[in-house]
K.L.:
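Provided herewith is a single structure, encoded as structure tokens, for subsequent inquiry.
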Amino acid sequence: GYIHRFKGLYHIEEAVANKLKIKKVMVVPGFYDEDPLVLREIGRITAIYLKTLLKEDTVIGITGGQTMAMIADEMKNEEVALSNATVIPARGGLGKNVEKQANTIAAKMAKKLKGSYKLLHMPDNISKELLKSLSEDPNIKEVVDYIQKIGILVFGMGRADKMAMRRRLNEEMMTNLKRQGAVAEAFGYYFNKDGEIIQEVNTVGVSLNHYKELQHIIGAAAGIEKAEAVIAISRLNKHLTLVIDEGLATEILK
Ligand code: G3H
């Protein structure tokens, strides 16, 4: 099986898991920074691993970004419904282009699993007031209630500065993040190197407290620039399973 394919990387996987004090690390051979195709392999391995965790009626939460998009892309089409899974976006309105939105990824993954999906329609960059009224909308409420049932969360991780740029935060907000030492971003939260929260995007979905309680969490990332971010995020919940490329693994161990 896939677990035995990369025997040579076993020691590096163990070293990263020990350094980060997390449950499990899967390392895909190669350096994403030299070969972007490595991201496909991360997607493929994550999709296979995710399927091994499915139980009857599992609710899978997924975030956005190119890494998550690759998991849905690389997932194989099931002939028959797998475990009656439901796939939902873990958080709404995080500002990504359509192919990389959690909604799109959730729907694609659900189709491949022959399961079902729910979409979360939330605008980006909304005020606290608007968030409050939107949260009372029955359609949004239904999905938010579903989010509480997430059994497996699959999520991407990014550098705080890159994600702030992607979300077009203004100059002042960017300077603020930097001044407060934000290095990482995941599911709409910005963290410092100790995994302490610096800032949060106004939206609904998996909260940080909810994340800390989850038992099955899979984080996937590629590229050496994400090392600091992955280290910070690993502090949040020790049940984390990481799927990363060899380049990023090596950088984490430096
Ligand atoms: O929060 C971080 C992003 O979801 C990572 O996005 O997979 O496009 O690098 P990416």
Side-chain angles (χ1 to χ4, degrees), residues 26 28 31-33 35-47 50 60-75 87-106 108-109 120 122 124-125 153-169 173-174 177 182-193 195 197-203 205-208 210-211 214 217-237 240-245 247-249 251-252:
M26 285 186 274
V28 164
F31 283 63
Y32 168 72
D33 297 272
D35 177 11
L37 281 178
V38 169
L39 197 65
R40 287 214 164 270
E41 192 59 10
I42 288 181
R44 198 179 69 84
I45 296 297
T46 310
L50 171 60
I60 303 167
I62 190 147
T63 65
Q66 64 164 359
T67 315
M68 297 301 105
M70 205 56 100
I71 301 170
D73 226 51
E74 286 293 313
M75 186 172 265
V87 193
I88 57 175
R91 265 193 123 203
L94 294 182
K96 302 253 162 77
N97 56 22
V98 120
E99 322 79 85
K100 291 173 190 159
Q101 265 173 23
N103 274 332
T104 315
I105 297 167
K108 187 169 182 175
M109 191 176 273
L120 191 49
M122 294 280 295
D124 297 328
N125 300 321
L153 175 72
V154 193
F155 70 102
M157 293 163 274
R159 286 171 57 116
D161 54 354
K162 291 272 166 84
M163 292 307 293
M165 278 202 295
R166 214 191 264 182
R167 290 186 184 134
R168 298 178 197 284
L169 296 195
M173 288 165 99
M174 295 234 206
L177 278 177
V183 297
E185 191 280 345
F187 41 90
Y189 289 87
Y190 293 88
F191 304 97
N192 69 14
K193 67 173 174 38
I197 178 170
I198 300 290
Q199 205 179 294
E200 165 186 9
V201 178
N202 281 332
T203 188
V206 170
S207 67
L208 184 55
H210 185 185
Y211 175 82
L214 289 168
I217 40 182
I218 309 173
I224 56 172
E225 68 164 33
K226 289 191 179 181
E228 213 181 4
V230 171
I231 294 169
I233 289 159
S234 296
R235 297 186 196 269
L236 304 172
N237 185 334
L240 178 64
T241 291
L242 266 185
V243 187
I244 54 178
D245 68 297
L248 176 53
E251 189 70 18
I252 289 169

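Here, residue 1 is the first one in the sequence, and each next residue gets the next number. Both ligands and their constituent atoms are indexed starting at 1 by order of listing.
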K.L.:
For atom 9 (O) of ligand 1, grab the closest protein heavy atom and report residue, atom and distance to one decimal in Å.
P.N.:
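Of the protein heavy atoms, Lys226 NZ, 2.6 Å lies nearest.
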K.L.:
Determine yes or no for a side-chain-to-main-chain donor-acceptor pair under 3.5 angstrom, with Lys226 supplying the side chain and Met157 the backbone.
P.N.:
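Yes.
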K.L.:
Using a strict cut-off of 4.0 Å, indicate which atoms of ligand 1 neighbour a heavy atom of Thr67.
P.N.:
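Here the atoms of ligand 1 in question are 7 (O), 10 (P).
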K.L.:
With heavy-atom distances below 4.0 Å as the criterion, list the atoms of ligand 1 near Gly158.
P.N.:
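Result: 1 (O), 2 (C).
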K.L.:
What I want to know is whether Gln66 and ligand 1 share at least one N or O pair that is separated by under 3.5 angstrom.
P.N.:
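Yes, there is a polar N/O contact under 3.5 Å.
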K.L.:
Would you say Met70 contacts ligand 1, with heavy atoms under 4.0 Å as the rule?
P.N.:
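Met70 does not count as a contact of ligand 1 under the 4.0 Å cut-off.
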K.L.:
Relative to ligand 1, is Glu225 under 4.0 angstrom through side chain, backbone, both or neither, heavy atoms considered?
P.N.:
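Looking at Glu225 and ligand 1, no heavy atom falls under 4.0 Å.
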K.L.:
Applying a strict 4.0 Å limit to heavy atoms, is Lys162 in contact with ligand 1?
P.N.:
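No.
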K.L.:
Please report which non-hydrogen protein atom sits nearest to atom 1 (O) of ligand 1, along with the residue it belongs to and the distance in Å to one decimal place.
P.N.:
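The protein heavy atom lying closest is Glu185 OE1, 2.2 Å.
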K.L.:
Atom 5 (C) of ligand 1: which protein heavy atom is closest, and how many Å away?
P.N.:
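Among all protein heavy atoms, the one nearest atom 5 (C) of ligand 1 is Met157 O, 3.5 Å.
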K.L.:
Give me the residue, atom name and distance of the protein heavy atom closest to atom 6 (O) of ligand 1.
P.N.:
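Result for atom 6 (O) of ligand 1: Arg166 NH1, 3.4 Å.
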K.L.:
Is there a polar contact between ligand 1 and Arg167, counting only N or O atoms under 3.5 Å apart?
P.N.:
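Among all N and O atoms of Arg167, none is under 3.5 Å from an N or O of ligand 1.
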K.L.:
Pick one of side chain, backbone, both or neither for how Met68 approaches ligand 1, counting any non-hydrogen atom pair under 4.0 Å.
P.N.:
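The answer is neither.
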K.L.:
Whether Lys108 and Asp73 form a salt bridge (side-chain N of Lys/Arg under 4.0 Å from carboxylate O of Asp/Glu) is what I want to check.
P.N.:
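A salt bridge is present here (some side-chain N lies under 4.0 Å from a carboxylate O).
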K.L.:
Using the side chain to side chain contact (heavy atoms under 4.5 Å, CB included) rule, take Ile197 and Leu208 through it: C-alpha gap first, then chi angles, then the decisive distance, then the call.
P.N.:
CA-CA 9 Å; Ile197 178 170; Leu208 184 55; 4.1 Å; yes
K.L.:
Tell me the protein heavy atom at minimum distance from atom 4 (O) of ligand 1, and give that distance in Å.
P.N.:
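Protein heavy atom with the smallest distance to atom 4 (O) of ligand 1: Gly64 O, 3.3 Å.
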K.L.:
Go through ligand 1 atom by atom and flag the ones less than 4.0 Å from a non-hydrogen atom of Met163.
P.N.:
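Near Met163, meaning under 4.0 Å from one of its heavy atoms, ligand 1 has 1 (O), 2 (C), 3 (C).
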